[in-house]
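Position 1 is the first residue of the sequence, and the numbers go up from there.
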Amino acid sequence: MTGCSLGRPYPTFKSPSERIQDQIPTLDPLDESDRSIQIEQIRKREMRKKTQQAVAGFDLTFPPAKSVSALWATTDVGTQEQIVAAHHDAVRDVLGLIERHAAFTRTGDHGVVLLDVRGLIAAAFDHWDTRSGDPSSTPTSWSPIESRDWMVTDARSTAARCL
């Protein structure tokens, strides 16, 4: 361990009110009425903009259909194991599809180059019930990283293709 930090610091973005406050001092000296009108125009413009949010990772869930969960909850252990195995196979297939068609990484100055990833690392956890206590066999949670160079996945392109 070298103690060197990896990558860039976690980005933070200004809220609409902070962006508005930053622009007010740049207004030309105006009478109070004109100034109020311009501030209101700035406020409307900034409130329409989507505030950027940094993404540290992804959390996708792959719940089976309710009928599959109900079958899993009421059947024998052998059938439960087959249902879980089939569900895990389906999740692996979906992660492969994401790897091939939705997971990209960015490189270059300000991330101008979009590259395919060559492998994903994902952590999966089996949940045996839902938040409300209903039975469910739900593998969840993946956090893709490009395995060869340890580059993070581009959130914009992945989210656009997965959501």
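The side chain to side chain contact (heavy atoms under 4.5 Å, CB included) test applied to A85 returns no partner, not counting sequence neighbours. Residues forming a side chain to side chain contact (heavy atoms under 4.5 Å, CB included) with Q21 (at least two apart in sequence, or on another chain): I24. D28 is linked by a side-chain hydrogen bond (donor to acceptor under 3.5 Å, both in side chains) to nothing, counting only residues two or more places apart in sequence or in another chain. For the side-chain hydrogen bond (donor to acceptor under 3.5 Å, both in side chains) test, no residue two or more places apart in sequence or in another chain qualifies with D31. Remark: T75 engages no residue in a side-chain hydrogen bond (donor to acceptor under 3.5 Å, both in side chains) (not counting sequence neighbours).
Sorted by first and then second residue, the side chain to side chain donor-acceptor pair (under 3.5 Å) pairs involving residues 33-47 (not counting sequence neighbours) are R19-E46, Q23-R45, Q23-E46, E40-R43, E46-K49.
Atom CD of E99 and atom CG of D116 lie 9.5 Å apart (nearest 0.5 Å). Atom CG in L27 sits 6.0 Å away from atom CD1 in I39 (nearest 0.5 Å). With rounding to the nearest 0.5 angstrom, the CG atom of L95 is 5.5 Å from the CD1 atom of I98. E18 CD to T51 OG1: the interatomic distance, rounded to the nearest 0.5 Å, is 9.5 Å.
Here the closest non-hydrogen pair linking W72 and Q80 is O-NE2, 2.6 Å.
With a 4.5 Å cut-off on side-chain heavy atoms, H87 and V68 do not count as touching.
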